[in-house]
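Contents: one structure, followed by commentary.
Both backbone and side-chain heavy atoms feed into the values below; hydrogens, waters and symmetry mates do not.
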Amino acid sequence: METRVLINGLNDIIDILYNDGYSEGVGMLNEYLPYLANIGSSIIDNIKMLEYTQILQKILEAMQSDDPILLGDVIKYELVDVIDKYM
């Protein structure tokens with residue numbers, strides 16, 4: 001998947017999460033997990049991989065706490081930034 005298409009999709013998920021669409025947003029996020037996994041496997045630098053892994057852990061924690069705002073914030077301010085920076 002092209003990076004810009006991925007980021008646009010993540011931005012759509014963020015909008016849904018911020019507008020009380022938690023279940024829909026998480027469902028859409030699940031569709032992007034294979035692409036996010038591919039990004040992780042393409043990162044060779046250990047420091048970049050650690051940063052990316054920590055962001056994915058924060059996403060998991062936000063999902064486990066059923067917090068749509070936190071989930072949207074982590075995707076918007078951390079995940080999208082890292083994808084933009086490294087891809």
Side-chain angles (χ1 to χ4, degrees):
M1 176 178 286
E2 185 179 316
T3 302
R4 190 55 33 206
V5 172
L6 175 61
I7 290 174
N8 287 341
L10 292 172
N11 284 326
D12 290 343
I13 292 169
I14 292 163
D15 289 340
I16 290 167
L17 290 169
Y18 285 163
N19 290 298
D20 295 324
Y22 180 75
S23 295
E24 182 183 356
V26 169
M28 287 178 66
L29 183 59
N30 283 329
E31 295 174 20
Y32 284 84
L33 291 178
Y35 305 107
L36 297 175
N38 285 340
I39 289 170
S41 66
S42 69
I43 297 175
I44 297 172
D45 183 283
N46 287 336
I47 293 172
K48 292 176 185 175
M49 178 55 96
L50 178 61
E51 180 181 4
Y52 187 72
T53 303
Q54 289 172 338
I55 292 168
L56 295 180
Q57 181 63 39
K58 288 180 185 180
I59 289 172
L60 178 60
E61 290 169 4
M63 290 172 71
Q64 289 173 338
S65 67
D66 294 329
D67 188 337
I69 302 301
L70 177 59
L71 182 56
D73 285 350
V74 172
I75 295 169
K76 181 176 185 174
Y77 297 112
E78 296 188 46
L79 181 61
V80 170
D81 286 347
V82 161
I83 292 171
D84 234 359
K85 184 169 37 174
Y86 296 148
M87 302 311 292

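Rounding to the nearest 0.5 Å gives a distance of 9.5 Å between CG of Asn11 and CG of Leu6. A distance of 5.5 Å separates CE in Met28 from CG in Asp12, rounded to the nearest 0.5 Å.
Counting only heavy atoms from C-beta outward, the side chains of Leu10 and Leu29 approach each other to under 4.5 Å. Between Leu36 and Leu79 the shortest side-chain heavy-atom distance falls below 4.5 Å.
Ile47 and Tyr52 are members of different hydrophobic clusters when ILVMFWY side chains are connected at heavy-atom separations under 4.5 Å. When the side chains of ILVMFWY residues are joined at heavy-atom separations under 4.5 Å, either directly or via intervening members, Ile75 and Met1 end up in a single hydrophobic cluster.
With sequence neighbours excluded, no residue forms a salt bridge (Lys or Arg N to Asp or Glu O under 4.0 Å) with Lys76. Residues meeting the salt bridge (Lys or Arg N to Asp or Glu O under 4.0 Å) test with Asp84, sequence neighbours left out: Arg4. A search for side-chain contact (heavy atoms from CB on, under 4.5 Å) contacts involving Thr3 returns Ile7, Ile83, Met87, not counting sequence neighbours. Checked against side-chain hydrogen bond (donor to acceptor under 3.5 Å, both in side chains), Glu24 has no partners two or more places apart in sequence or in another chain. Looking at residues two or more places apart in sequence or on another chain, you find a side-chain hydrogen bond (donor to acceptor under 3.5 Å, both in side chains) between Glu51 and Tyr86. Listed by chain and number, the residues in a side-chain hydrogen bond (donor to acceptor under 3.5 Å, both in side chains) with Tyr22 are Asp66 (sequence neighbours excluded). In this structure Ile69 satisfies the side-chain contact (heavy atoms from CB on, under 4.5 Å) test together with Tyr18, Asp67, Asp73, sequence neighbours excluded. Not a single side-chain hydrogen bond (donor to acceptor under 3.5 Å, both in side chains) links Asp81 to another residue, sequence neighbours left out.
Screening residues 36-46 for side chain to side chain donor-acceptor pair (under 3.5 Å), with sequence neighbours left out, gives no hits.
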Pair Ile39-Val82, side-chain contact (heavy atoms from CB on, under 4.5 Å): steps then yes or no: CA-CA 10 Å; Ile39 289 170; Val82 161; over 6 Å; no
Output a table of donor-acceptor pairs, distance under 3.5 Å, between side-chain atoms of residues 55-65 and any protein atom two or more places apart or on a different chain; print 'none' if there are none.
{"residue": "Gln57", "atom": "NE2", "partner": "Glu61", "partner atom": "OE2", "Å": "3.3"}
{"residue": "Lys58", "atom": "NZ", "partner": "Glu78", "partner atom": "OE1", "Å": "3.0"}
{"residue": "Lys58", "atom": "NZ", "partner": "Glu78", "partner atom": "OE2", "Å": "3.4"}
{"residue": "Ser65", "atom": "OG", "partner": "Glu61", "partner atom": "O", "Å": "3.3"}
{"residue": "Ser65", "atom": "OG", "partner": "Ala62", "partner atom": "O", "Å": "3.1"}

